[in-house]
Colleague: 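To start, I am sharing the structure in question, which I have written as structure tokens.
This structure is a prediction, so every number in the text was calculated from the model and none was measured. Sequential numbering from 1 along the given sequence is applied to the chain's residues.
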Amino acid sequence: MSRKFDGNRLLVATHNAGKLEEIRELLAPFGVSVVGAKEMDLPEPIEDGTTFVENARIKAHAAAKATGLPALSDDSGIEIDALDKQPGVYTADWAETGDGRDFKMAMTKSHDLLVAKGAAQPWTARFCSTLVLAFPDGHDEVFAGIVEGQVVWPMRGVEGHGYDPIFQPDGYDITFGEMDFDEKNRISHRADAFRKFVAGCFD
């Protein structure tokens with residue numbers, strides 16, 4: 001049985017404005033006011049975990065400890081089966097250039113590695129999202145969501161972000177990069193994790 005969220009203020013341990021807005025909208029029906037890590041002037045902790053849940057826990061517990069507020073964090077990425085589930089937790093790292101993130105470069109790297117390996121198609125993959133709600137007393141609740149699909153090439157679409165233009169979810173003939181925002185948010189890995197989070201901590 002998950003511990004219920006009974007406060008009226010939730011800290012979201014992210015410096016990403018888009019992610020914060022997405023969470024704010026999802027929690028609006030529950031009368032919860034959402035504040036971001038940036039607004040609270042919190043530093044970004046070093047994410048040195050080797051799994052999504054470890055990294056999400058690092059972020060959530062650091063924020064809860066620093067503020068005394070319950071804190072929600074998300075760690076997400078893409079796992080490509082033929083690349084031994086890489087990039088996984090290093091999804092964003094593959095895009096780092098020293099001058100910001102270049103996801104076109106990261107997607108090209110993924111494709112080039114698949115070709116170099118001679119991996120047979122379809123290149124099955126999944127997007128994973130792990131949400132951790134950490135309470136100030138050290139307790140936490142974990143909710144994992146996934147969406148299965150495959151990596152396609154060339155890149156298609158300009159919607160979404162990250163690796164969306166090369167990810168085609170099962171049951172669709174378009175990529176996340178070509179998909180309408182509302183449709184993607186209905187079927188995405190984060191939406192899956194959020195449904196579990198709301199069912200566990202609010203319903």
Side-chain angles (χ1 to χ4, degrees), residues 1-79 87-96 100-101 103 126-147 160-164 181 184-203:
M1 186 72 186
S2 301
R3 183 191 288 188
K4 299 294 179 188
F5 178 85
D6 59 1
N8 56 11
R9 197 158 181 242
L10 177 68
L11 172 63
V12 178
T14 183
H15 285 71
N16 179 323
K19 200 180 275 189
L20 182 65
E21 201 43 51
E22 200 179 312
I23 293 170
R24 191 169 270 144
E25 280 181 34
L26 285 160
L27 294 180
F30 301 97
V32 176
S33 85
V34 170
V35 60
K38 202 172 185 178
E39 295 164 69
M40 299 289 281
D41 218 19
L42 294 179
E44 294 192 66
I46 294 164
E47 296 172 44
D48 52 8
T50 56
T51 62
F52 295 119
V53 69
E54 284 174 9
N55 281 337
R57 276 194 160 121
I58 288 167
K59 290 183 278 196
H61 283 287
K65 199 172 174 182
T67 62
L69 288 170
L72 181 72
S73 74
D74 155 83
D75 199 57
S76 48
I78 188 170
E79 294 181 340
V89 292
Y90 307 108
T91 294
D93 295 343
W94 278 25
E96 290 295 354
R101 287 176 181 169
F103 281 101
R126 71 205 50 77
F127 267 122
C128 307
S129 167
T130 300
L131 289 172
V132 170
L133 175 65
F135 291 88
D137 67 358
H139 177 82
D140 66 34
E141 296 288 346
V142 177
F143 305 93
I146 60 168
V147 57
H161 49 81
Y163 293 67
D164 285 356
F181 178 78
K184 181 198 159 184
N185 277 359
R186 194 177 63 77
I187 66 161
S188 78
H189 47 308
R190 197 166 289 128
D192 183 29
F194 256 99
R195 275 190 288 273
K196 293 169 183 170
F197 164 57
V198 167
C201 296
F202 286 91
D203 288 351

Colleague: Nearest 0.5 Å, what's the CG-CD1 distance between L131 and I23?
Modeller: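 These two atoms lie 7.0 Å from each other.
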
Colleague: Does CG belonging to D6 count more than 12 external heavy atoms closer than 6.0 Å?
Modeller: no

Colleague: Short question: side chain of K38, backbone of P43 - any donor-acceptor pair under 3.5 Å?
Modeller: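 Judged by distance alone, no pair lies under 3.5 Å.
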
Colleague: Taking S2 for the side chain and C201 for the main chain, is one N or O donor matched with an acceptor at less than 3.5 Å?
Modeller: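 Between the backbone of C201 and the side chain of S2 there is no qualifying donor-acceptor contact (under 3.5 Å).
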
Colleague: Test of understanding: with ring pair (Phe, Tyr, Trp, His ring centres under 6.0 Å), list the residues that count as partners of F143, not counting sequence neighbours.
Modeller: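 F143: ring pair (Phe, Tyr, Trp, His ring centres under 6.0 Å) contacts with F197.
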
Colleague: Test side chain to side chain contact (heavy atoms under 4.5 Å, CB included) on D203 and V198; report intermediate values, then the result.
Modeller: CA-CA 6 Å; D203 288 351; V198 167; 3.7 Å; yes

Colleague: Going by the rule side-chain hydrogen bond (donor to acceptor under 3.5 Å, both in side chains), which residues pair with H15 if we only count those two or more places apart in sequence or in a different chain?
Modeller: none

Colleague: With distance as the sole test, does S33 use its side chain to make a donor-acceptor pair with the main-chain N or O of R9 at under 3.5 Å?
Modeller: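 No; zero donor-acceptor contacts below 3.5 Å.
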
Colleague: I'd like to check the side-chain hydrogen bond (donor to acceptor under 3.5 Å, both in side chains) partners of N55; sequence neighbours left out, ordered by chain and number.
Modeller: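 Per chain and number, N55 pairs via side-chain hydrogen bond (donor to acceptor under 3.5 Å, both in side chains) with no residue.
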
Colleague: For K65, is the NZ atom crowded, meaning more than 12 foreign heavy atoms sit under 6.0 Å from it?
Modeller: no

Colleague: E47 side chain to K59 main-chain N or O, any donor-acceptor pair under 3.5 Å?
Modeller: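 No, E47 side chain to K59 backbone: no donor-acceptor pair under 3.5 Å.
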
Colleague: Rounded to the nearest 0.5 Å, how far does CZ of F5 lie from CG of L10?
Modeller: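 The distance works out to 4.5 Å.
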
Colleague: Below 30° counts as parallel, above 60° as perpendicular, anything between as tilted: where do the rings of Y163 and F103 land?
Modeller: perpendicular

Colleague: Do E39 and R24 sit within salt-bridge range, that is, some charged N less than 4.0 Å from a carboxylate O?
Modeller: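 Answer for the salt bridge query: yes.
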
